[in-house]
Amino acid sequence: MSEKLSSGALETIMRGGEYTEPVVQVLSIKKMNSGSGQPEKDRYRIYLSDGQYTVSHAMMTAQIYAKAGPKGLPRFSIIKIIRSMTSVINNTDGRDSRVLLILDLELLKDGDEVGVKIGDPIPYSEAASARPKPSGTGPSTSVQAEVEPVAKRMKLATNGTNGTYDGNTTLGGHITHPISSLSPYHNKWIIKVRVMSKSDIRKWENARGSGQLFSVDLCDESGEIRLTAFGTTVDKYYDVIQVDKVYYISKCQVKPANKQFNTVKNDYEMTMTSDTIVEECLDDDMKNLQIQYNFVDIAKIAEVEPNSTVDVFAIAKSYGEVNSFQAKTTGRELKKREVQLVDKSNATITLTLWGQQAENFNGFDNPVVLLKGARVTEFGGGKNLGTTSSTLMKVNPDMEESFTLKGWFTSAGSSALYNDLSARTAGGGTGSYNTPWLTFKEVIDQQLGSINTASGDYYMVKATVLLIRSENSIYKACPTDGCNKKVVDNNDGTYRCEKCQQDFQNYKFRLLCSMNVGDWSGNQWVSMFSDEAEKVIGMSAQEVGELGERDPDGLSKMMESLNFKEFILKCRAKMETYNDEQRLKTVAVKVDPINYKEYNAYLAKKIRDLIA
DNA sequence: CCCCCCCC
């Protein structure tokens with residue numbers, strides 16, 4: 001039994017037409033080394049037959065070749081071409097011809113089993129097929145119209161011109177290369193690509209100088225790549241290159257990608273040079289090539305690792321104003337806007353937009369928001385989304401799914417209850433999500449208190465109460481809600497709050513306890529305000545205050561009785577200068593009973609880390 | 001040639 005070849009398929013394809021999953025025969029195959037020494041970069045040139053015509057201008061990458069299986073593609077193998085693209089080549093004699101790039105295939109029958117060439121195919125050439133066919137024996141006449149010369153469809157942009165079209169330098173009609181074939185070893189190529197995303201223009205100034213840049217992430221059917229423009233090419237191309245449009249691009253510098261900063265799936269990235277040519281392709285025949293999204297339900301982001309990127313398709317349930325502030329680390333002026341996203345997974349997450357994206361965002365009327373490559377972050381135990389320079393955001397994208405989602409929101413989503421992934425859990429539990437667990441010795445060794453000098457350094461510790469100072473642990477405070485300022489006794493039955501600038505008939509007791517706490521490695525004096533001290537003492541500040549007034553010895557005894565109690569503390573350490581002396585001031589900002597499940601999980605992890 | 005992706 002023999003497989004039936006798709007007679008005529010290759011002619012259709014090589015004329016730029018579509019043919020769904022043609023079945024063809026491999027007549028020979030030849031490996032072409034990339035010269036890079038990396039086998040995965042090798043290409044295979046393949047000689048194909050559909051039983052009617054043969055095509056020798058066909059290629060595939062090593063990755064696609066590997067799909068044939070361990071035996072590869074022996075002569076006479078029959079394959080199904082699942083995906084392919086052609087590149088137009090403009091020969092020196094002015095005629096178009098095409099190269100077929102196979103992007104996916106399936107081996108139907110091993111060549112060793114087939115054993116013969118099927119049919120009596122003749123070499124395909126555009127010239128031959130364009131000729132009037134000999135009656136009876138020639139190929140079918142149902143071919144598409146001749147490929148339209150591309151040059152007249154081109155607009156714009158060769159280097160150094162005022163934008164007028166120069167017929168000699170247009171890229172359309174020349175061979176185009178797949179992104180996957182780009183490497184630093186070849187520089188004569190033209191790619192035809194869709195712009196997936198475009199960054200803001202960023203200006204910088206550092207020790208090595210100053211400048212400006214922007215970058216675009218590009219894709220074609222074979223892959224994706226980042227292109228960055230510096231200096232004057234920024235001015236020249238920033239407005240020209242637009243997201244979602246298709247361009248011919250040539251003469252860029254190709255270099256190994258810095259994977260640390262570039263998550264685009266390519267070993268290389270590109271930089272524009274003064275020779276770079278960018279031309280918009282107006283006859284977008286890359287309809288097949290749409291940007292690929294891998295949407296994740298908002299609820300699922302709970303399980304996503306921080307710092308990874310996700311694609312999200314959601315509704316902006318609400319949005320805030322643009323806020324400006326100075327970055328603590330760089331001093332740079334930052335602008336952000338927070339948007340509340342919801343989707344059918346009944347979860348909500350906060351999206352933070354930055355820079356231009358924040359300014360331009362219009363969240364009126366609960367638009368659909370599409371994000372590609374949004375960054376997942378963790379804060380206070382909750383998850384957030386943020387945009388980066390390479391995040392693509394579309395508001396109300398022109399897609400059928402937009403209507404579906406919008407319909408869901410209008411009918412059900414606007415009144416649904418959502419699980420808030422961005423909710424911070426520091427208020428419950430021990431809030432240990434971002435705060436490191438340390439011993440008191442590590443706190444000293446790592447010089448906590450001197451790292452983040454503005455806000456202090458936080459750490460978690462399991463600590464034992466060694467001594468609580470009962471003297472000066474209680475004070476009379478302003479009765480105004482939330483004031484808590486110490487009042488001055490006017491000695492006339494009234495009490496003065498300087499902060500509220502008011503005299504009161506009464507006061508409330510507050511605690512400011514200084515206590516020495518320790519673990520196996522050392523000890524530390526910490527101070528604790530009312531809310532936390534009450535949890536250690538097990539009495540309200542009011543009760544403690546009244547006890548102190550009534551029975552100072554009883555207060556001391558009570559405080560002593562607390563020794564050797566254990567708690568989980570969240571501490572803030574800050575180095576302060578006092579009388580020209582540096583000392584570490586520590587506030588226990590949170591006190592919790594020991595949650596053994598959580599604490600043991602931390603210990604178990606610590607043991608695993610020690611073993612590893 | 002950047003390489004920051006920020007803040008609470």
Side-chain angles (χ1 to χ4, degrees), chain A residues 197-217 225-238 252-264 266 268-276 306-310 319-340 349-359 361 371-393 420-427 431 433-435 452 454-456 458 570 572 589:
Chain A
S197 64
K198 179 171 85 165
S199 75
D200 292 348
I201 294 174
R202 192 156 69 85
K203 296 179 195 294
W204 81 88
E205 218 162 313
N206 61 25
R208 277 161 299 197
S210 61
Q212 59 172 354
L213 70 99
F214 80 98
S215 65
V216 283
D217 292 345
I225 196 163
R226 175 166 296 175
L227 170 60
T228 305
F230 291 95
T232 55
T233 56
V234 172
D235 305 320
K236 194 162 139 191
Y237 286 117
Y238 188 76
C252 299
Q253 183 200 347
V254 181
K255 60 183 184 179
N258 188 336
K259 291 290 180 185
Q260 203 185 337
F261 307 111
N262 180 352
T263 53
V264 171
N266 200 313
Y268 302 113
E269 60 191 9
M270 306 196 293
T271 305
M272 283 193 184
T273 71
S274 56
D275 294 330
T276 293
N307 293 328
S308 47
T309 56
V310 290
Y319 62 107
E321 299 288 305
V322 175
N323 290 319
S324 293
F325 60 93
Q326 283 221 307
K328 267 191 189 140
T329 44
T330 57
R332 194 191 297 259
E333 170 85 0
L334 297 176
K335 287 195 170 91
K336 70 157 186 176
R337 187 204 291 270
E338 291 189 348
V339 179
Q340 207 59 37
I349 193 164
T350 303
L351 165 70
T352 305
L353 303 175
W354 299 93
Q356 283 298 115
Q357 259 173 341
E359 300 228 52
F361 181 79
L371 293 164
K372 182 182 166 62
R375 188 183 156 92
V376 177
T377 55
E378 196 173 46
F379 179 68
K383 290 272 170 52
N384 291 70
L385 287 178
T387 53
T388 72
S389 61
S390 54
T391 302
L392 165 65
M393 181 174 71
D420 186 1
L421 271 73
S422 302
R424 291 164 217 171
T425 53
Y433 292 90
N434 279 338
T435 313
N452 195 340
S455 58
Y458 289 81
K570 181 176 184 174
R572 181 181 61 224
V589 296

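All values derive from a computational prediction rather than experimental measurement. Chain letters run A, B, ... following the sequence lines, proteins first, then strands; residues in each count from 1.
The separation between A:Glu338 atom CD and B:dC8 atom P is 12 Å, rounded to whole Å. Here the P atom of nucleotide B:dC8 and the OH atom of A:Tyr458 are 11 Å apart, to the nearest Å. Per the geometry, CE belonging to A:Met272 stands 16 Å off P belonging to B:dC1, to the nearest Å. Straight-line distance from the CG atom of A:Asp200 to the C1' atom of B:dC5: 11 Å, rounded to whole Å. To the nearest angstrom, P of B:dC6 lies 19 Å from CD of A:Glu359.
B:dC2 has no stacking from A:Phe230 on its base ring, since the centres under 5.5 angstrom apart and planes within 30 degrees of parallel are not both found.
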> Are A:Asn323 and A:Arg337 close enough, and set up right, to give a side chain to side chain donor-acceptor pair (under 3.5 Å), and what steps lead you there?
Replying inline: CA-CA 6 Å; A:Asn323 290 319; A:Arg337 187 204 291 270; over 6 Å; no
> Run the side chain to side chain donor-acceptor pair (under 3.5 Å) check on A:Asp200 and A:Gln356 step by step: do they pass?
Replying inline: CA-CA 7 Å; A:Asp200 292 348; A:Gln356 283 298 115; 5.6 Å; no
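Considering only side-chain N and O atoms, A:Arg226 lies nowhere under 4.0 angstrom from the phosphate OP1 or OP2 of B:dC2.
Within 4.0 Å (heavy atoms only), A:Gln357 reaches no atom of the nucleic acid at all. Counting any heavy atom pair closer than 4.0 Å across all strands shown, A:Arg202 reaches a base atom.
In summary, the side chains of A:Gln212 and A:Asp235 do present a donor paired with an acceptor at a separation below 3.5 Å, with no hydrogens or angles considered.
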